[in-house]
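One structure coming up, written as structure tokens, with questions to follow.
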Amino acid sequence: MRDNPVFKIVSKILFGPIIIYGLYVQFHGDYGPGGGFQAGVIVAAAFILYSMIYGLEEGRKLMPDWIIRSVMALGVLVFGGTGIASILLGANYLDYSPFAYKIYKAQHLGIIIVELGVGLTVFAVMLGLFNAFAGFKPHK
Amino acid sequence: MLILDNIPALLVAIPLLASAVVSLLPSARIAWGFAFFTTLICLYMAFELVGIISSTQALSYAFGGWEPPWGIVFVLDSANVYLVLLVAFVSVIATLYAYTMLAREIAVEDLPKAYAVWLLAIASLFGLAMTGDAFNLFVFLEISALSSITLIALGAGQDRRALLAAYNYLIIGAIGATFYVIGVGYLYAATGSLNLIDITDRLNELGTNQAAITGLAFMLAGIMVKAGVFPVHIWLPAAYSYAPSAVSSLLAAVATKVAIYYFARLLFGIFIDITQLVDFFLLYILMPVSVLAIFYGTIAAIYQSDFKRLFALSSIAQIGYITFAFSLNSHSGISAGFIHIINHALIKGALFMAVGIFALGIGSRATMSSMQGVGRQMPITFAGFVLAGLALIGVPLTAGFISKLYLFKAIFETGNGFYVALIALSSVLSVLYLWKIFEVMWLKEPVQPLKIDKEPASAYLPVWLMVGVIMIFGVYSGEVISSGIGAANALIGAR
Amino acid sequence: MSINLIVLYWNYIIVIMLMMAGLYIIISNQNFIKKLVGLSIFQSSVFIFYISLGKVSGGTAPILTGIEDTVYSNPLPHVLILTAIVVGVATNALGLALVVRIQEAFKSIEEHKLLALKKEDGLKDIQIEDSKEDSAV
Amino acid sequence: MIELWVNVFLVSLLVIITFYIMRLRRLIGIVALSGAYSLTAAAIFVNMDAVDVAFTEAAVGSGISTILFLAALRYLPVEEAHETRYPVWSLFLCGIVGLMLIIAAFALPEFGDPNAPAHLHVAPRYIEESYPLFHIPNVVTNVLASYRGFDTLGETVVVFTAGLGVIILLTGSTLSMRFKQSATSSDNQTAKSDEETRDA
């Protein structure tokens with residue numbers, strides 16, 4: 001199945017649009033359905049599709065394991081760090097109001113940063129899970 | 001000032017962020033150092049928190065600045081501030097112990113990630129102890145469950161049965177958590193709120209109905225699974241006995257205790273309006289179940305030859321003592337329960353740590369036949385182990401005595417001699433299994449040379465730190481007793 | 001009247017029955033994968049129950065349109081369930097990793113076989129010790 | 001009213017799917033049906049106005065979850081043994097629990113009742129404030145990331161924990177080396193005992 005050119009071409013064509021759709025879902029979450037989780041899963045799906053068609057090794061070249069692990073941690077750091085930033089600016093944990101002068105701007109900014117953290121972690125974990133399962137070598 | 005105001009949030013946030021960093025560190029040693037430093041910071045913050053609570057009585061921390069029914073709050077009063085301190089203290093000691101012990105049971109490459117998961121487990125325990133929001137509790141419950149399961153499964157490096165124990169915990173824990181979520185759903189439908197204090201107010205306002213009561217029942221059932229209360233304890237013995245020793249000592253010491261605290265909070269704090277039902281539950285369900293737990297755990301421990309499993313079974317009995325104290329439904333009963341939560345956490349932590357060192361010494365699982373004479377070969381650890389064992393029975397001058405004393409005091413208040421006899425009998429039975437261990441380890445000749453040259457100081461030092469605290473609390477028990485009484489005051493008022 | 005009542009509560013009742021079907025699969029089935037599937041049925045049914053709680057008749061999705069007098073469904077259960085779905089998948093993933101490892105270590109994922117193997121392991125523990133004792137003697 | 005009937009239809013579909021999941025023996029079929037279950041649930045969520053939840057359930061529940069199951073099935077037996085343990089007792093237990101829930105369900109507000117306590121107490125503020133104060137039309141995102149942002153942090157951490165856990169369990173050396181270790185150690189033991197017997 002992997003050698004079928006139709007799959008290869010279709011997956012290559014789809015790769016970009018899926019990621020763009022993922023980014024749209026990520027940053028449009030304030031206005032329509034969507035947000036970090038869904039976006040993370042969608043972007044991960046693009047990479048999973050690539051791995052499924054071109055093989056796990058190719059997929060790992062595209063997104064090495066150390067990047068996946070770092071992005072996983074980075075997402076948590078971005079989300080948790082936002083809370084620390086609020087504390088340093090003199091508000092309660094995860095209070096976005098000190099981020100900007102106008103309350104709605106602050107709220108938008110806070111939500112975008114936080115959703116970005118969610119998206120990064122979910123993306124990396126979902127891809128990491130797939131790689132771990134697909135690349136598992138049972139001991140004989 | 002910035003820090004002091006935000007301690008409740010930082011207690012959870014700092015270990016969480018630290019775990020993200022630790023998971024990326026290349027060296028096991030640096031990862032351990034980072035984790036240990038984090039737990040020290042948490043201990044410092046916990047001490048600060050105790051200071052704040054002793055002057056202000058209660059504290060409510062609103063996340064994102066959103067006031068209670070709309071946002072998530074952490075609630076601190078004299079009922080849980082000592083629990084937070086306990087978790088912080090035990091996590092420091094257990095991390096210290098992990099330096100030697102975890103490295104021997106887990107591959108070096110995995111250690112940084114293991115320490116990251118370890119920190120997540122600690123952070124979730126802080127969250128569980130402080131949260132005042134019913135759904136937020138579920139989230140922490142799941143972080144705690146997933147991180148514990150990972151750590152337990154790592155015991156499969158030594159014994160493949162750890163995998164089965166972890167899987168069982170996952171399934172049973174998930175059923176428990178889902179029951180809890182169902183309960184929260186019913187309660188939310190009945191009251192429209194998720195904040196525990198607000199739920200109480202709303203129930204007083206709207207009146208309770210069948211839905212709210214069922215909701216409470218399911219929440220309690222879910223929590224009981226996590227707390228290892230008798231009929232739903234089935235995941236506990238295997239999970240504690242096959243986990244790496246450092247993990248067993250951390251989990252056995254504090255993981256169930258936090259769930260029990262929350263169990264008490266739900267029972268005594270939330271449903272003021274339906275006292276009759278709570279009374280019924282305590283007297284006709286919780287009390288018989290606790291007595292069963294005490295005898296089941298103790299008798300099963302007598303017939304058990306695997307040390308870790310034996311102490312896990314004894315944990316079920318000890319949890320039985322705590323729930324029994326709660327079921328007396330009196331001020332002194334609740335204080336006795338909280339005193340025993342603290343003392344038992346220290347005692348069981350020390351015992352599991354010591355057993356881990358013995359197992360390391362002989363290079364295989366610690367069982368009645370493999371442990372012959374090991375006490376003579378490892379005298380320093382064994383001495384600490386014996387003292388902790390005496391505390392478990394409740395010998396005077398140890399912390400365990402204080403627990404038993406207050407338990408008996410609470411029972412005498414009810415004037416029921418039958419209970420006194422029951423508890424006394426169970427204490428005598430617990431002497432049996434501890435004597436069996438002592439006999440095997442000290443009175444028999446050693447059968448094989450140790451696998452290690454001498455007892456590792458970094459491993460027995462934590463045991464002795466715990467034992468030291470147990471002995472101090474046995475003599476200068478004022479702080480522990482006042483914490484128990486403070487907890488009872490916070491939950492049911494100063495009756 | 002009672003028919004009306006049943007139609008109105010139909011959602012709750014069926015969803016509760018689905019929950020119990022999931023629970024039944026978890027408890028009574030021997031296969032570890034099927035237990036996980038049962039768990040996801042159990043959890044999904046709870047999610048549907050929550051979302052039913054948030055439904056308001058004649059309401060619409062809680063994405064504000066700016067049109068006056070629009071009735072919106074309750075957003076809070078939606079938020080809770082978003083969290084719970086992700087938690088459920090996380091649990092499932094970890095469970096699957098364990099099942100894969102169990103198959104590798106025990107060559108089976110059927111509970112009764114595993115219990116037997118576990119017992120054998122326990123007996124082996126004792127036997128090894130016996131042999132050690134023998135050698136020491 | 002049409003919503004109600006669509007709902008009845010979809011929920012009944014779930015019952016059929018569950019029935020076949022119970023009957024089937026081939027694991028791959030069970031997993032596929034569990035994906036179908038999630039997808040149907042997503043349709044129900046759309047019908048009940050929970051578009052965000054439906055999106056997530058479709059992506060996470062029926063997408064990623066099914067892929068993970070399929071990836072894991074490669075290492076597992078094809079069929080289950082189809083044996084049940086204590087079927088009567090389990091049925092009895094589930095019956096009791098279900099009955100409790102159903103009886104209590106009749107004390108719940110009616111399905112879709114706009115005057116239910118849940119719709120009057122906390123939630124209205126979210127809907128009222130979201131646009132005028134914050135200019136955010138999607139109330140769910142606002143509540144998720146701001147009012148209950150701490151829950152979302154916890155949820156991110158749950159995902160992180162699961163990711164770390166699976167990576168450590170499947171690719172970590174502790175469990176992968178175990179079998180080598182135990183094999184070599186038992187080999188050593190046998191070798192030793194061989195030597196001993198020779199010595200003797």
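Computed from a predicted model, the values in this text were never measured in an experiment.
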Inset, instruction - Of all the heavy-atom pairs spanning D:Gly172 and C:Arg101, show the shortest one and how long it is. - result: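 Minimum heavy-atom contact is O-NH2, 4.2 Å.
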Inset, instruction - Can you run down the ring pair (Phe, Tyr, Trp, His ring centres under 6.0 Å) pairs that involve residues 29-78 of chain C, sequence neighbours left out, and say none if there aren't any? - result: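 Pairs touching residues 29-78 of chain C that pass the test: B:Tyr167-C:Phe32, B:Tyr186-C:Phe49, C:Tyr12-C:Phe49.
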Legend entry - Contact check, side chains of D:Leu169 and C:Leu94, non-hydrogen atoms, under 4.5 Å: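 Contact flag for D:Leu169/C:Leu94 side chains = yes.
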Inset, instruction - Determine the option with the most heavy-atom pairs under 4.5 angstrom with chain C, choosing from D:Leu108, D:Thr152, D:Val143. - result: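 Top count of heavy-atom pairs under 4.5 Å with chain C: D:Leu108.
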Legend entry - Top of D:Thr161, D:Leu68, D:Leu101 for chain C proximity - count of heavy-atom pairs under 4.5 angstrom: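 That would be D:Leu101.
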Inset, instruction - Report the option among C:Val37, C:Leu23, C:Ile14 that has the most heavy-atom pairs separated by less than 4.5 Å from atoms of chain D. - result: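 Result: the option with the highest number of such pairs is C:Val37.
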Inset, instruction - Measure distances from D:Tyr126 to the heavy atoms of chain C and classify the residue's part below 4.5 Å as side chain, backbone, both or neither. - result: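 For D:Tyr126, side-chain heavy atoms alone lie under 4.5 Å from chain C.
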Legend entry - Winner by heavy-atom pair count (cut-off under 4.5 Å) against chain D, out of C:Val15, C:Ile25, C:Ile33: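 Among C:Val15, C:Ile25, C:Ile33, the one with the most close pairs to chain D is C:Ile33.
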Inset, instruction - Go through C:Val86, C:Leu64, C:Ile102 and name the one with the most non-hydrogen pairs under 4.5 angstrom from chain D. - result: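 If we count pairs closer than 4.5 Å to chain D, C:Leu64 comes out on top.
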Legend entry - Between C:Ile27, C:Val99, C:Leu96, C:Leu98, the one whose heavy-atom pairs under 4.5 Å with chain D are most numerous: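 Among C:Ile27, C:Val99, C:Leu96, C:Leu98, the one with the most close pairs to chain D is C:Leu96.
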Inset, instruction - Identify which part of C:Thr60 has an atom lying under 4.5 Å from any heavy atom of chain D, answering side chain, backbone, both or neither. - result: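 For C:Thr60, the contact with chain D is made by the backbone alone.
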Inset, instruction - Report the option among C:Pro75, C:Ala90, C:Gly88, C:Pro77 that has the most heavy-atom pairs separated by less than 4.5 Å from atoms of chain D. - result: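 Most pairs with chain D among the choices: C:Pro75.
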Inset, instruction - Look up atom CD1 in D:Ile127 and atom CG in C:Asn74, then write down how far apart they are to the nearest 0.5 Å. - result: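 Rounded to the nearest 0.5 Å, the CD1-CG separation comes to 6.5 Å.
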Legend entry - 4.5 Å side-chain heavy-atom contact, C:Tyr24 and D:Pro87: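 C:Tyr24 vs D:Pro87: side chains touch.
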Legend entry - Residue selection (most heavy-atom pairs with chain C, distance under 4.5 Å) from D:Gly165, D:Ala123, D:Ser90: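 The option with the most such pairs is D:Ser90.
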List the atom pairs, with distances to 0.1 Å, where a side-chain N or O of residues 34-44 of chain D and a protein N or O form a donor-acceptor pair under 3.5 Å, not counting sequence neighbours.
unit_1  : atom_1 : unit_2  : atom_2 : d
D:Tyr37 : OH     : C:Ser45 : OG     : 2.9
D:Ser38 : OG     : D:Glu57 : OE2    : 3.0
D:Thr40 : OG1    : D:Ala36 : O      : 2.7

Legend entry - Interface residue of largest heavy-atom contact number with chain C, from D:Ala50, D:Pro124, D:Ala116, under 4.5 Å: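 Most pairs with chain C among the choices: D:Ala50.
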Legend entry - Value rounded to 0.5 Å, distance of CZ in D:Phe106 from CD1 in C:Ile13: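 Answer for the CZ-CD1 pair, D:Phe106 versus C:Ile13, is 3.5 Å.
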Legend entry - Heavy-atom pair of closest approach, residues D:Asp52 and C:Leu82: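 Answer, listing the atom of D:Asp52 first, then C:Leu82: O-CD2, 3.9 Å.
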Inset, instruction - Tell me, for C:Glu110 versus chain D, whether the close heavy atoms (under 4.5 Å) come from the side chain, the backbone, both or neither. - result: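 Side chain of C:Glu110 only, per the 4.5 Å heavy-atom cut-off to chain D.
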Inset, instruction - Count the heavy-atom pairs under 4.5 Å between each of D:Ser130, D:Pro109, D:Gly61, D:Ser65 and chain C, then report the option with the highest count. - result: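 Answer, by heavy-atom pair count under 4.5 Å with chain C: D:Pro109.
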Inset, instruction - Can you establish whether the number of heavy atoms outside D:Tyr75 located under 6.0 Å from its atom OH is more than 12? - result: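 For D:Tyr75, atom OH is crowded (more than 12 foreign heavy atoms under 6.0 Å).
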Legend entry - Straight-line distance of D:Leu14 CG to C:Ile48 CD1, nearest 0.5 Å: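 D:Leu14 atom CG to C:Ile48 atom CD1 measures 5.0 Å (nearest 0.5 Å).
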Inset, instruction - Using a cut-off of 6.0 Å, state whether more than 12 heavy atoms not belonging to C:Leu117 lie near its atom CG. - result: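 It does: C:Leu117 CG has more than 12 such atoms within range.
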Legend entry - Proximity breakdown for D:Ile102 and chain C, heavy-atom pairs closer than 4.5 Å: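 For D:Ile102, the contact with chain C is made by backbone and side chain together.
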Legend entry - Region of C:Asn92 that comes under 4.5 Å of a non-hydrogen atom in chain D: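 Only the side chain of C:Asn92 comes within 4.5 Å of chain D.
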Inset, instruction - Side-chain contact test, heavy atoms from C-beta onward, threshold under 4.5 Å: evaluate it for D:Asp151 versus C:Val79 and give yes or no. - result: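 SC-SC contact between D:Asp151 and C:Val79 ruled out.
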Legend entry - Option that, when pairs with chain D are counted at under 4.5 Å, heavy atom only, ranks first among C:Ala21, C:Ala93, C:Ala61, C:Ser73: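 Most heavy-atom pairs within the cutoff with chain D belong to C:Ala61.
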Inset, instruction - Could you tell me which portion of C:Val71 (side chain, backbone, both or neither) has an atom closer than 4.5 angstrom to a non-hydrogen atom of chain D? - result: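 Neither part, no heavy atoms under 4.5 Å.
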Inset, instruction - Measure distances from C:Val89 to the heavy atoms of chain D and classify the residue's part below 4.5 Å as side chain, backbone, both or neither. - result: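 C:Val89 touches chain D through side-chain heavy atoms alone.
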Legend entry - Region of D:Leu24 that comes under 4.5 Å of a non-hydrogen atom in chain C: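 Only the backbone of D:Leu24 comes within 4.5 Å of chain C.
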Inset, instruction - Heavy atoms only, distances under 4.5 angstrom: which of D:Leu73, D:Val159, D:Leu91 has the most pairs with chain C? Name it, please. - result: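 If we count pairs closer than 4.5 Å to chain C, D:Leu91 comes out on top.
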Inset, instruction - Inspect the surroundings of CZ in D:Arg26 and state if more than 12 heavy atoms from other residues, nucleotides or ligands are less than 6.0 Å away. - result: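 No, not enclosed.
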Legend entry - Test item: C:Lys34 side-chain N/O and D:Arg25 main-chain N/O as donor-acceptor pair under 3.5 Å: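 The answer is no, because no donor-acceptor pair under 3.5 Å joins these two groups.
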Inset, instruction - Below 4.5 Å from any heavy atom of chain D, which atoms of C:Ile109 appear? Answer side chain, backbone, both or neither. - result: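 Only the side chain of C:Ile109 comes within 4.5 Å of chain D.
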Legend entry - Under 4.5 Å from any heavy atom of chain C - which part of D:Thr141: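 For D:Thr141, no heavy atom lies under 4.5 Å from chain C.
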Legend entry - Engaged part of D:Asp113 at the chain C interface, taking heavy atoms whose separation is under 4.5 Å: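 Backbone of D:Asp113 only, per the 4.5 Å heavy-atom cut-off to chain C.
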Legend entry - Region of C:Glu111 that comes under 4.5 Å of a non-hydrogen atom in chain D: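 The side chain, not the backbone.
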Inset, instruction - Name the region of C:Ile16, side chain, backbone, both or neither, that has any atom closer than 4.5 Å to a heavy atom of chain D. - result: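 When you check distances to chain D, only side chain atoms of C:Ile16 fall under 4.5 Å.
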Inset, instruction - Give, for atom CD1 of D:Ile21 and atom OG of C:Ser40, the distance between the pair rounded to the nearest 0.5 Å. - result: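 With rounding to 0.5 Å, CD1 (D:Ile21) is 7.0 Å from OG (C:Ser40).
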Legend entry - Test item: D:Arg148 and C:Leu76 side chains (from C-beta on) under 4.5 Å apart, heavy atoms: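 A side-chain contact exists here, since the closest heavy-atom pair is under 4.5 Å.
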Inset, instruction - Check whether C:Ile26 gets within reach of chain D through its side chain, its backbone, both or neither, counting any heavy atom under 4.5 Å. - result: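 Looking at C:Ile26, nothing touches chain D.
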Legend entry - Interatomic distance, C:Met17 atom CE to D:Leu99 atom CG [nearest 0.5 angstrom]: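 The distance works out to 10.0 Å.
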Legend entry - CZ-CG distance between D:Phe69 and C:Leu36, expressed to the nearest 0.5 angstrom: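 Between D:Phe69 CZ and C:Leu36 CG, I get 5.0 Å after rounding to 0.5 Å.
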Inset, instruction - For C:Asn11 and D:Asn7, indicate whether the former's side chain and the latter's backbone hold a donor-acceptor pair under 3.5 Å. - result: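 No.
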Inset, instruction - Compare every heavy atom of D:Asn47 with every heavy atom of C:Lys55, then report the nearest pair and how far apart it is. - result: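 Here C:Lys55 and D:Asn47 meet closest at NZ-O, 4.2 Å.
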